[in-house]
Amino acid sequence: MKIRYYILSILLLCANLLFADGIKFTASVSKTEVGTGEQFEITFSLNGNGDDFRPPNINDFQVLSGPNESTSMESINGNTTVSTSFSYVLMPVKEGEFTIGPATIIVNGKRLSTQPIKIKVVKGRPVPQNNTQQQNAPDNNVAEAATGDLSKLLFIRAVVDKNNVYDGQQLTVSYRLYTRVGIEQSQPEKLPDLNGFWSEDVKRPQHVQWNVETYKGQKYNVADIKQTILFPEHDGNLIIDPLSMIFIVRQPVASRDIMDQFFGSYRQVKYTAKSAPVTIHVKPLPQQGKPAGFAGAVGSFKIDAGIDKTEVKANDALNYKVKITGTGNIKLFKPLAVNFPPDFEKYDPKVTDTITEDLNGVSGSRIYNFLLIPRHQGDYIIDTLKFSYFNPNTGKYITLTTKPLHVKVDKGATESNVTSLPDAEKEDVKILSKDIRYIKTNNSGLTNAADMFFGSIGYWLLILAGPIACIAAFNYRNKVRKDNSDVVKVKSKRAGKLAAKHLAIAQQQLSAKNTKAFYEAIFKGLYGYLSDKLNILYANLDRETIVSALKARSVDEQLISRLLDTLDLCEMARYAPVNHISEQEVFDKAKGIINDIENKI
């Protein structure tokens, strides 16, 4: 038997030496013109052995099968040839002319590429509506793996940086994939709900970064497939839900055939991996030493405040800026309570966030810009601003204080609109075109009393119009109060407006070709709409709650199924590109779902 292996190795070595210069890597298709919904096959062939095969981008087509790899060896008159091929079964979903780019492979240290292939797609039969399931579903010929066969070769761990935290303290969870087998395909089965947490996903590179890690004495290829920053919303024991994924893996099988033993014999196996739930122990914030103005900030911060000018004229604007910088729950800050002089007209602040989300947590800054308009001359002091937060590293509350700011307000330039009182009053009285006017001494504009409006028909009609308008306003006010007292009804009415706002944002992101932001806006729009329409807290929304609430309102199964498919599609778009359906179709589908629910409820 050993002699046969030696002979086979020598034959393969000779073949590589003799035909190294004649190795070709080509691409071919079963047809160059196909109709929508019609299948065709593309094959990448190599007359030799190669490594690191990289397929082209085939996002314009639906992948029904592949990559299907095959290797053959032929010996004629002492000449031995080896060939390898990789094939895909594709189906076009839209008309047009498309180009399938080159595939690459490494042969004898040199990377070879195929030539691009142009495919013309004409109108054919309609593409099935359930193409998402067809694309993601594994081949019927794929075997189901026993749990024990792959549980130690392929699994997912939920790794947290800390499991004992305070209420509002940030922590990170990484869903980490460990594998010792080849993975052909993967797709999420069940994403974690993360109830009880406010979550923020860490932005990750488009391509998964693999590294080697030793776990329980075994070496694995390891990659982080999802990383999330969590902020507990209340104390107690909170559960981080499992992440479940479906994999198609290449599992080696035993074979008595010498060729299979040499090249390796594999079968495709379907396997579901699921991480174990993780319990986070959340401690309540201590009551001892809690400042009166504490508003829930947890982390480590510093504060700075300033104004853009220290001397202005009355009725001129100035900006008061507060900048809070640090690490923690910045996005959950409540509005600042700033005490301005009563003679200052204040507008709601413009809030600007500069935030970074990474494995160290959420860090950055939030800037509050207040527009102020002093109305009177004088010297004023903007009081100190106190900002309190809880530092989980020290377990203590910390109060930061800004410096008081002095503002000098000079007399305004609009003399015609200002009437001065005696010096003893020490203040100008501003006239807004109606408060105080000069006494007119001429007789211009005088009319005869007989020609006056007083006593005319129009005068009496105008007198009657007052009480009628008061009665109508009173009835309207009572109706508005009655409608607003029904919180459920108010939230249900505004659900459509909230959804329209998110859909408008999604339309903007679609025009800007920002795919991730588009799907996020669609997802938030649907969830926000369902929260208000069904009167369910946003944090309590999940698939089961949505389905039961819609069924209770006699919404048909088909509409519910469309809604769930769209939500799953938006979630999947965070981790992998979605190619079987266009963003415009997703937008129209979401808009249609909202309209249909509005008609049903």
Side-chain angles (χ1 to χ4, degrees), residues 51-55 63-71 84 86-89 132-160 173-194 204 207-228 239-257 259-279 568 571-572 574-577:
D51 298 310
D52 193 20
F53 169 73
R54 296 183 182 180
V63 180
L64 302 181
S65 176
N68 304 309
E69 180 180 355
S70 64
T71 304
T84 306
F86 306 86
S87 63
Y88 294 82
V89 177
T132 302
Q133 290 78 2
Q134 291 179 358
Q135 179 181 3
N136 294 329
D139 195 329
N140 291 332
N141 295 324
V142 175
E144 293 281 350
T147 303
D149 295 342
L150 290 173
S151 60
K152 294 184 179 180
L153 300 178
L154 176 64
F155 55 89
I156 301 173
R157 292 179 62 217
V159 181
V160 295
V173 56
S174 299
Y175 290 94
R176 192 163 293 168
L177 174 64
Y178 291 74
T179 179
R180 298 181 64 192
V181 294
I183 299 176
E184 297 285 346
Q185 298 179 33
S186 65
Q187 69 180 74
E189 182 188 44
K190 178 68 170 62
L191 297 174
D193 294 326
L194 301 175
R204 300 184 45 75
H207 300 287
V208 175
Q209 302 294 325
W210 291 93
N211 56 73
V212 178
E213 180 181 322
T214 300
Y215 178 71
K216 292 186 177 180
Q218 295 288 340
K219 287 188 176 181
Y220 293 88
N221 290 319
V222 179
D224 289 329
I225 54 179
K226 178 178 173 63
Q227 294 172 320
T228 306
I239 304 297
I240 297 180
D241 302 322
L243 170 66
S244 179
M245 295 190 68
I246 298 175
F247 297 93
I248 304 298
V249 301
R250 296 179 63 201
Q251 188 178 40
V253 295
S255 176
R256 296 182 179 180
D257 191 293
M259 296 301 178
D260 288 343
Q261 293 178 7
F262 182 76
F263 292 106
S265 179
Y266 301 90
R267 64 170 182 168
Q268 287 186 331
V269 175
K270 176 184 176 182
Y271 177 69
T272 301
K274 183 178 181 181
S275 65
V278 179
T279 301
D568 290 342
E571 277 287 350
M572 290 174 58
R574 293 184 179 182
Y575 313 105

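No hydrogens, no waters, no symmetry mates; every other heavy atom, side chains included, goes into these values. Here the structure is a predicted model, which is why all the values come from computation and not from measurement.
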Starting from the C-alpha separation in whole Å, work towards a yes-or-no answer on side chain to side chain contact (heavy atoms under 4.5 Å, CB included) for L154 and L177. CA-CA 7 Å; L154 176 64; L177 174 64; 3.6 Å; yes
Derivation of the side chain to side chain contact (heavy atoms under 4.5 Å, CB included) call for V181 and V269: CA-CA 11 Å; V181 294; V269 175; over 6 Å; no
Checking I240 against Y175 for the side chain to side chain contact (heavy atoms under 4.5 Å, CB included) test, could you report, in this order, the C-alpha distance in whole Å, the side-chain angles of both residues, the deciding distance, and whether it holds? CA-CA 11 Å; I240 297 180; Y175 290 94; 3.3 Å; yes
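Taking R54 as the reference, D52 meet the salt bridge (charged side-chain N to carboxylate O under 4.0 Å, His left out) condition, with sequence neighbours excluded.
With contacts defined as side-chain heavy-atom distances shorter than 4.5 Å, the pair K226/P188 does not qualify. V222 is not listed as a side-chain neighbour of V212, based on a closest heavy-atom distance of 4.5 Å or more. Taking 4.5 Å as the limit, some side-chain heavy atom of V249 sits within range of a side-chain heavy atom of L150. For the pair F86/P55, no side-chain contact is recorded, criterion being any heavy-atom separation below 4.5 Å from C-beta on.
Taking CG from L153 and OH from Y271, the interatomic distance works out to 8.5 Å, rounded to the nearest 0.5 Å. To the nearest 0.5 Å, the span separating NZ on K190 from OG1 on T272 amounts to 14.0 Å. Taking CD of Q227 as the start and CZ of R176 as the end, the distance is 7.5 Å to the nearest 0.5 Å. With values rounded to the nearest 0.5 angstrom, I248 atom CD1 is found 9.0 Å from E184 atom CD. For the atom pair T179 OG1 and F247 CZ, the distance stands at 8.0 Å (nearest 0.5 Å). Atom CD1 of I225 and atom CE of M245 lie 4.5 Å apart (nearest 0.5 Å).
Here the closest non-hydrogen pair linking Y215 and Y220 is O-CE1, 3.6 Å.
With D241 contributing its side chain and D193 its backbone, the two residues share a donor-acceptor pair below 3.5 Å. Proximity of a side-chain donor or acceptor of S275 to a complementary backbone N or O of L243 within less than 3.5 Å is detected.
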